[in-house]
Amino acid sequence: MNMNSSYMLSIVMFVYLVSTSFYVATWVYKRTTFGMVARIITITGFACHSIGMIMRWVESYQMGIGHAPLSNLYESLVFFSWTIILIYLIIEFRYKNQIVGAFVTPFAFLAMAYASLSPNIETRIQPLVPALRSNWLIAHVTTCFLGYASFAIACGLGIIYLMKSNNPEGRSNLITGLPRTKILDIMMYNTVVFGFLFLTAGIITGAVWANSAWGSYWSWDPKETWSLITWLVYAVLIHARMVRGWEGTRIAYLSIMGFVAVLFTYFGVNYIPGLHSYGQ
Amino acid sequence: MQVNSSPRSLSRRVWHFFASIKLTLVLLIVLAITSIIGTVIPQNKAPFQYVQNYGKDLFRLFELLDLFDIYHSWWFRLLILLLATNLIVCSLNRFKATWKIVAKRDFRVSKARLEHIKDRTVFAVDSPPDTLYRLYSGIIAKHFPHYHKERTETGILILGDRGRWTRLGVYLVHLSVIILFVGALIGSLFGFSGYVTIPEGGHVDHIRLEKTGKIKPLGFTVRCDDFHVSFYPSGIPKEYRSHISIIEDGREMVRRYVVVNDPLTYRGIKFYQSSYGLISPDRAVVSIFDTRTQKRTHVEVPLNQSIDLPGGEGRFKLIRFVSDIHKMGPAFLVKRIGREGSEESFWILARFPRFDRMRGGRFMFSIENYPKKYYTGLQVNKDPGVYIVYSGFVLMLTGFIITFFMSHRQIFVQIEKEDNGSRVILGGTANKNKLAFDERIEKMVSKMKELAPQGK
């Protein structure tokens with residue numbers, strides 16, 4: 001079998017499926033060995049994932065149409081998944097809790113599965129259309145997806161929070177292993193803040209790019225508008241927290257709502273005609 | 001019920017209304033929801049399309065509410081104005097208190113605040129306070145370089161305080177939003193955006209404005225010297241480039257090429273490569289293949305002129321040219337008139353000479369050659385507010401980093417004399433990221449404990 005990037009990345013998809021299963025097993029059976037295995041598999045998958053993206057980059061140069069692998073829906077999904085795992089691994093090392101992995105790695109797996117398996121997604125490397133031939137491409141896409149990935153994780157944390165707070169006594173065995181609500185609350189907020197910074201940077205780099213390509217930094221294109229809507233949802237969350245002192249359940253709901261807006265910005269907008277037609 | 005309508009209380013009530021964070025949350029949510037409407041209803045389309053989609057009654061209602069140009073409607077602008085006012089009033093309201101903390105270091109205040117900290121570490125050490133102070137000062141100075149030390153009745157009190165200025169971060173963010181609004185306002189008041197097409201070799205001295213459709217003179221001449229388009233092997237355009245000269249008062253001022261993502265700027269007006277197309281040629285060389293005699297003839301055909309077919313089999317003419325038909329490239333519309341006067345019209349594609357074979361007629365038409373002359377489509381914009389907006393962007397990101405990732409940290413270390421040794425009480429607080437700060441304090445405490453032998 002000829003080893004190319006698409007093949008490599010579809011292997012990564014299966015690796016993430018395995019690591020998701022091990023994270024779930026860690027949560028359900030509370031065995032530290034499972035956790036160790038989950039971590040090793042995830043790191044391996046992440047390494048392969050990185051190699052796969054570099055291979056795709058190199059392949060595009062071999063085809064004579066060299067560009068960073070960030071130019072269409074397939075490549076963005078692959079990168080989305082990569083940023084989720086990257087940020088998750090940082091959180092795992094930082095907070096030393098592996099159960100969160102059971103709620104985060106599925107997002108990375110789903111993104112890879114959608115990219116590799118959906119018949120509507122073009123997986124071949126395509127040349128860049130003139131509008132995308134810009135140095136802003138890398139800055140814009142990386143910042144946006146660091147934002148999206150953080151929000152995906154914050155949504156996962158929100159779900160855990162709601163599970164935990166609905167069973168404070170921990171009658172169920174599945175609940176007791178989850179981190180304390182206080183810690184979850186802080187993790188959730190910190191992830192949202194990190195995502196908010198990058199979403200803002202993503203919108204700004206997009207605006208500067210749009211100004212150099214189309215002569216207007218803001219055109220109320222549906223994708224622009226939805227990124228603003230997403231930004232507003234998280235702005236509400238941050239203000240409610242910082243000034244009104246909202247915590248826990250309300251923040252969890254807002255974080256999940258925010259991620260719904262993210263998903264709409266990412267996928268839903270493709271059904272509305274506009275300037276951002278590259279991501280389809 | 002008491003009705004108080006004196007002007008002072010009215011202005012205070014207005015101030016109060018705008019100083020509310022509840023108003024902020026409501027405005028942000030309302031802006032989000034109304035923005036959604038604009039992505040669901042297509043914006044700025046022709047009225048007949050709306051009537052077709054929504055029917056007459058709904059069309060009238062939507063038009064009354066400005067739903068077809070929501071983001072420029074009076075009520076959307078009002079919402080933004082309300083948000084701006086709310087932002088300014090809220091910030092001013094809180095700024096006074098913040099400035100008090102930031103501007104001057106007041107140990108009485110910080111002492112009073114630190115006394116309320118419940119989460120404190122207490123441990124006993126076998127050394128007297130002065131010895132301990134000498135041991136600890138290094139560690140404390142590492143985290144709080146400008147700490148304050150004072151002697152109390154029972155021992156020594158050390159107060160550390162760092163990052164007071166970070167409390168200003170949030171005001172930078174709010175200021176940046178106002179700067180964005182101001183930049184956008186200046187752009188919409190003093191800027192314009194329009195469009196122009198110039199054929200190769202041609203020139204223009206005016207553009208057509210996008211919003212009003214009016215003609216706007218530029219005050220100088222823009223000439224398109226040349227136009228090139230290159231394609232990827234798959235046929236997708238790779239780059240289009242216009243060679244543009246600017247001529248003012250008969251003199252050539254600028255000469256350079258413009259490609260997508262790299263506009264030309266002259267007198268604050270920017271020219272963006274936006275589109276291109278082929279200009280309809282006035283003639284084409286047509287190749288006619290007679291399937292019966294297997295003979296091929298080439299004829300130069302002026303557009304819209306009837307030409308006799310070989311062997312007196314009627315006539316044909318080229319009636320129309322389009323630069324791109326269904327993404328298959330340039331095409332000509334052919335009308336063939338038979339001997340008996342029968343008429344037939346069909347398209348032939350310039351890039352695919354065998355395309356006409358599928359029609360299955362006696363004569364197979366294809367385009368051998370035609371003069372290819374392009375026109376370039378340029379987006380023409382002027383936005384004097386754009387650098388104000390950019391400075392707002394920079395300020396916003398700076399403000400975020402300060403607001404989210406830096407904090408005002410305070411600490412107190414009390415070393416009290418007790419029996420033969422001392423009792424150390426340590427506590428601290430941070431206005432943000434408390435978890436990370438607590439970890440840092442824990443590390444400090446464990447270092448202190450390592451340095452001096454612990455008492456019972």
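We name chains A, B, ... by the order of the sequence lines, and we start the count at 1 in each one.
- By the 30° and 60° cut-offs, the orientation of the rings of His239(A) relative to His174(B) is parallel.
- Residue contact with chain B, scored on non-hydrogen atoms closer than 4.5 Å, is absent for Trp136(A).
- Considering every non-hydrogen atom in both Ala213(A) and Asn261(B), the closest pair reads CB-OD1, 3.1 Å.
- Residues Phe400(B) and Thr200(A) come closest through the heavy atom pair CE1-OG1, 3.1 Å.
- Rounding to the nearest 0.5 Å gives a distance of 10.0 Å between CG of Leu435(B) and CE of Met187(A).
- For the atom pair OG1 (Thr225(A)) and CD1 (Ile37(B)), the distance works out to 12.5 Å, reported to the nearest 0.5 Å.
- Contact of Lys432(B) with chain A is made through the side chain alone, with heavy-atom distances under 4.5 Å.
- Side chains of Tyr217(A) and Asp383(B) form a contact here, defined as non-hydrogen atoms less than 4.5 Å apart.
- The contact between Asp262(B) and chain A is made entirely by backbone atoms, counting heavy-atom distances below 4.5 Å.
- Separation of atoms OG (Ser216(A)) and NZ (Lys270(B)) is listed at 11.5 Å; rounding is to 0.5 Å.
- Here Ser35(B) is the residue among Gly38(B), Pro263(B), Ser35(B), Gly191(B) with the most heavy-atom pairs under 4.5 Å with chain A.
- Ring centroid separation for the pair Phe76(B) and Trp220(A) comes in under the 6.0 Å cut-off.
- Between the side chain of Tyr272(B) and the backbone N or O of Asn211(A), at least one donor-acceptor pair lies under 3.5 Å.
- Of the two parts of Val259(B), neither the backbone nor the side chain holds a non-hydrogen atom closer than 4.5 Å to a non-hydrogen atom of chain A.
- Proximity to chain A involves both the backbone and the side chain of Ile36(B), based on heavy atoms less than 4.5 angstrom apart.
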>> Pair Leu128(A), Tyr232(B) - check side-chain contact (heavy atoms from CB on, under 4.5 Å), show working.
In response: CA-CA 9 Å; Leu128(A) 284 184; Tyr232(B) 290 109; 4.1 Å; yes
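- If you measure heavy-atom distances from Val243(A) to chain B, the contacts under 4.5 Å come from the side chain alone.
- The environment of OH in Tyr253(A) is sparse: at most 12 heavy-atom neighbours from other residues, nucleotides or ligands sit within 6.0 Å.
- Separation of atoms CZ (Phe405(B)) and CZ (Phe194(A)) is listed at 6.5 Å; rounding is to 0.5 Å.
- You'll find the side chain of Asn381(B) stays beyond 4.5 Å of the side chain of Trp214(A), heavy atoms only.
- Counting only heavy atoms from C-beta outward, the side chains of Val260(B) and Arg133(A) never approach each other to under 4.5 Å.
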> Taking it one step at a time, do Arg244(A) and Leu25(B) satisfy side-chain contact (heavy atoms from CB on, under 4.5 Å)?
Replying inline: CA-CA 10 Å; Arg244(A) 302 283 297 177; Leu25(B) 297 180; 4.2 Å; yes
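- Looking at Gln379(B), the atoms closer than 4.5 Å to chain A (heavy atoms on both sides) all sit in the side chain, from C-beta outward.
- Shown here is Tyr387(B), whose OH atom has no more than 12 heavy atoms of other residues, nucleotides or ligands within 6.0 Å.
- Only the side chain of Ile238(A) comes within contact range of chain B, with heavy atoms under 4.5 Å apart.
- Put simply, CG on Leu28(B) and CG on Leu237(A) are 11.5 Å apart, with the number rounded to the nearest 0.5 Å.
- Residue Tyr95(A) touches chain B through its side chain alone, counting heavy-atom pairs closer than 4.5 Å.
- Within 6.0 Å of atom CZ in Phe18(B), more than 12 heavy atoms from other residues, nucleotides or ligands are found, so the atom counts as buried in its surroundings.
- Looking at Phe271(B), neither its backbone nor its side chain comes within 4.5 Å of chain A, counting heavy atoms on both sides.
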> Val269(A) and Thr39(B): side-chain contact (heavy atoms from CB on, under 4.5 Å), yes or no, with the steps?
Replying inline: CA-CA 8 Å; Val269(A) 169; Thr39(B) 66; over 6 Å; no
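- Contact annotation for Asn190(A): only side-chain heavy atoms (C-beta onward) come within less than 4.5 Å of a heavy atom of chain B.
- Contacts between Leu197(A) and chain B at a heavy-atom distance below 4.5 Å involve backbone atoms as well as side-chain atoms.
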